[in-house]
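Both ligands and their constituent atoms are indexed starting at 1 by order of listing.
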Amino acid sequence: MKLTMRWYGEDDPVTLDRIRQIPTMTGIVSAVYDVKPGGVWSEESIAKIKKSAADHGLEFEVVESVPVPEDIKLGNSNAREFTENYCENLKRLGKAGVKCVCYNFMPVFDWLRSELKKIQPDGANALAYDQKTVEAMDPLKGDLALPGWDASYTKEQLKDLIGQYHKLGEEGLWENLATFLKKVIPAAREAGIKMAIHPDDPPWGLFGLPRIVTNTPNLERLLSTVDDVHNGLTFCTGSLGADVNNDLVKMADHFAERIHFAHLRNILITGDRRFEEVGHPSKSGSFDMYGIVRALVKKGFDGYVRPDHGRMIWGEDGRKGYGLYDRALGAAYLAGLFEAAEKELGK
Ligand code: DNO
């Protein structure tokens with residue numbers, strides 16, 4: 001496996017010279033941030049990220065994300081043009097040495113939390129989710145101020161968008177995902193890129209919006225829609241594991257060959273559809289992190305791994321979920337788990 005760290009570009013307070021000091025770190029996960037979803041990334045922008053990484057002894061082989069515009073998810077009239085642009089991005093990224101692209105197919109919202117600074121017993125603070133609080137929010141009333149939320153919509157645009165998804169429904173979204181994959185996976189194959197869809201976070205529908213990348217049967221359906229290794233998964237334990245019916249060790253074992261990127265973080269489940277983000281170790285939360293890593297290693301997983309959301313510790317006040325210290329601790333812990341599993345299994 002290759003250990004990586006997400007980097008949000010030159011404005012990221014977590015700088016590349018800090019990232020490179022994390023033991024066994026091989027590369028960064030990044031993206032071009034100044035082009036709207038649906039647009040084409042310039043070769044210069046891509047080359048610039050690659051050069052910044054290389055100047056710090058780091059690789060740039062994973063993009064998170066090339067965002068899928070709402071028009072593609074909705075199957076609107078410009079979906080075809082945007083999909084062509086998407087394929088063009090893959091071509092350019094492949095040429096620049098990128099090997100894996102993470103993306104998601106969540107309508108309107110990306111990841112959602114109800115609290116951004118939940119104080120924990122040790123004084124750290126972290127992101128938390130409580131379904132009751134989320135249900136009480138009305139996205140149309142401007143109640144939302146959440147990390148995965150694109151605040152650039154006007155109320156009218158948002159109302160219209162949500163309405164379109166209500167009409168589309170789950171099966172409509174599946175259809176549009178299939179149309180997208182049938183065009184994009186062959187382009188990815190040609191570019192030498194493995195696509196890795198990120199699961200929905202949390203993995204259930206919200207505000208009446210369909211969410212489909214959620215559990216084993218749905219992941220199977222998605223992978224068989226285009227049965228090609230380039231059509232793969234981002235195995236995000238924190239997202240999938242929020243649904244207690246998802247057995248992460250079993251899923252890691254079952255999907256290993258199609259997992260190209262793993263976001264390995266832990267959460268503490270505190271009730272029905274209620275959880276807090278915690279430190280990465282198994283003992284800090286609800287998941288068997290060693291069991292997950294061992295299952296991946298056993299199946300010969302050789303993709304990219306990154307620590308995921310970290311708590312804010314040691315007085316840090318950074319980008320929500322993406323500070324330095326707790327993610328660095330997570331990275332070191334994950335490196336340890338992989339070393340142990342590889343030795344145990346003779347890999
Ligand atoms: C949250 C991230 C997600 C992820 C996208 C992938 O921290 O894991 O925002 O990057 O869903 O497209």
Side-chain angles (χ1 to χ4, degrees), residues 4-9 12 14 28-33 35-38 41 49 62-70 72-73 82 86 89-90 93 98 100-116 126-129 144 146-151 173 177 180-181 184 188 193-204 206 209 211-214 219 222 231-242 248 259-267 275-278 280 303-312 318-324 326-327 330-331 334:
T4 59
M5 185 91 159
R6 193 168 195 181
W7 180 64
Y8 280 97
D12 193 332
V14 182
I28 53 155
V29 171
S30 197
V32 171
Y33 293 104
V35 176
K36 273 203 189 147
W41 293 0
I49 304 173
V62 186
V63 166
E64 175 173 353
S65 306
V66 181
V68 179
E70 302 300 330
I72 290 184
K73 290 178 255 181
F82 285 163
Y86 202 98
N89 282 330
L90 296 182
L93 289 168
V98 168
C100 178
V101 166
C102 172
Y103 68 105
N104 74 70
F105 221 75
M106 287 179 250
V108 194
F109 306 101
D110 190 326
W111 54 306
L112 274 175
R113 295 292 179 272
S114 54
E115 216 180 318
L116 305 182
L127 300 153
Y129 183 91
L144 290 174
L146 301 171
W149 168 235
D150 174 357
L173 189 61
L177 175 57
F180 175 72
L181 291 175
V184 164
I193 287 180
K194 289 185 173 154
M195 297 299 291
I197 196 167
H198 190 285
D200 301 345
D201 180 4
W204 50 75
L206 290 161
L209 295 166
R211 283 196 158 189
I212 57 179
V213 189
T214 52
L219 293 179
L222 186 155
N231 179 24
L233 308 174
T234 294
F235 191 65
C236 178
T237 53
S239 304
L240 289 166
L248 295 171
I259 295 173
H260 305 315
F261 190 22
H263 292 175
L264 300 178
R265 70 180 159 91
N266 202 353
I267 59 175
F275 61 84
E276 299 180 9
E277 298 194 352
V278 291
H280 286 63
Y304 300 89
V305 168
R306 73 166 178 82
D308 205 356
H309 305 171
R311 303 163 301 150
M312 289 298 154
R319 180 187 282 270
K320 302 294 167 236
Y322 286 95
L324 172 64
D326 201 41
R327 281 192 303 149
L334 294 173

**Message:** Show the atoms of ligand 1 that are less than 4.0 angstrom away from any heavy atom in M106.
**Reply:** 11 (O)
**Request:** Describe, in one word, how the ring planes of Y304 and F261 are oriented to each other, choosing from parallel (under 30°), tilted (30 to 60°) and perpendicular (over 60°).
**Result:** perpendicular
**Asked** So Y103 and F180, would you call those rings parallel, tilted or perpendicular, with 30° and 60° as cut-offs?
**Response** tilted
**Item:** Residues R211 and D201 bridged, charged N to O under 4.0 Å
**Value:** no
**Prompt:** Between R306 and ligand 1, which residue portion shows a heavy-atom distance shorter than 4.0 Å: side chain, backbone, both, or neither?
**Reply:** side chain
**Message:** Keeping S30 on the side-chain end and W7 on the backbone end, is there a donor-acceptor pair under 3.5 Å?
**Reply:** yes
**Asked** Are D12 and R327 ion-paired here, with the side-chain N under 4.0 Å from a carboxylate O?
**Response** no
**Request:** Would you mind listing which atoms of ligand 1 come within a distance below 4.0 Å of any non-hydrogen atom of N104?
**Result:** 5 (C), 6 (C), 11 (O), 12 (O)
**Asked** Which residue supplies the protein heavy atom nearest to atom 4 (C) of ligand 1, what is that atom called, and how far is it?
**Response** E64 OE2, 3.3 Å
**Fill in**
Here the atoms of ligand 1 under 4.0 Å from any heavy atom belonging to C102 are 6 (C)
**Request:** State if G321 counts as touching ligand 1 under the rule of any non-hydrogen atom under 4.0 Å.
**Result:** no
**Prompt:** Taking the six-membered ring where the residue is Trp, are the ring centres of F235 and H263 under 6.0 Å apart?
**Reply:** no
**Request:** Mind checking whether Y103 contacts ligand 1 via backbone (N, CA, C, O), side chain (CB onward), both or neither, at a 4.0 Å heavy-atom cut-off?
**Result:** backbone
**Request:** Just jot down the ligand 1 atoms closer than 4.0 angstrom to any heavy atom of Y322, in number order.
**Result:** 1 (C), 2 (C), 7 (O), 8 (O)
**Prompt:** For atom 1 (C) of ligand 1, which candidate among H263, K320, H309 holds the nearest heavy atom?
**Reply:** H309
**Prompt:** At what distance is the nearest protein heavy atom to atom 8 (O) of ligand 1, and which residue and atom is it?
**Reply:** H198 NE2, 3.1 Å
**Prompt:** When the ring planes of Y129 and F275 are compared, do they come out parallel, tilted or perpendicular, using 30° and 60° as the limits?
**Reply:** parallel
**Asked** Within the distance-only criterion (no hydrogens, no angle test), does the side chain of N89 pair as donor or acceptor with the backbone N or O of W41 below 3.5 angstrom?
**Response** yes
**Asked** What protein heavy atom sits nearest atom 3 (C) of ligand 1, and how far off is it?
**Response** D110 OD1, 3.6 Å
**Prompt:** Side chain, backbone, both or neither: which part of P67 has a heavy atom under 4.0 Å from ligand 1?
**Reply:** neither
**Prompt:** Side-chain donor-acceptor pair under 3.5 Å between R319 and Y8, yes or no?
**Reply:** no
**Prompt:** Of all the heavy atoms in R265, does at least one lie under 4.0 Å from an atom in ligand 1?
**Reply:** no
**Request:** Starting from atom 6 (C) of ligand 1, locate the nearest protein heavy atom and write down its residue, its atom name and how far away it is, to 0.1 Å.
**Result:** S65 OG, 3.0 Å
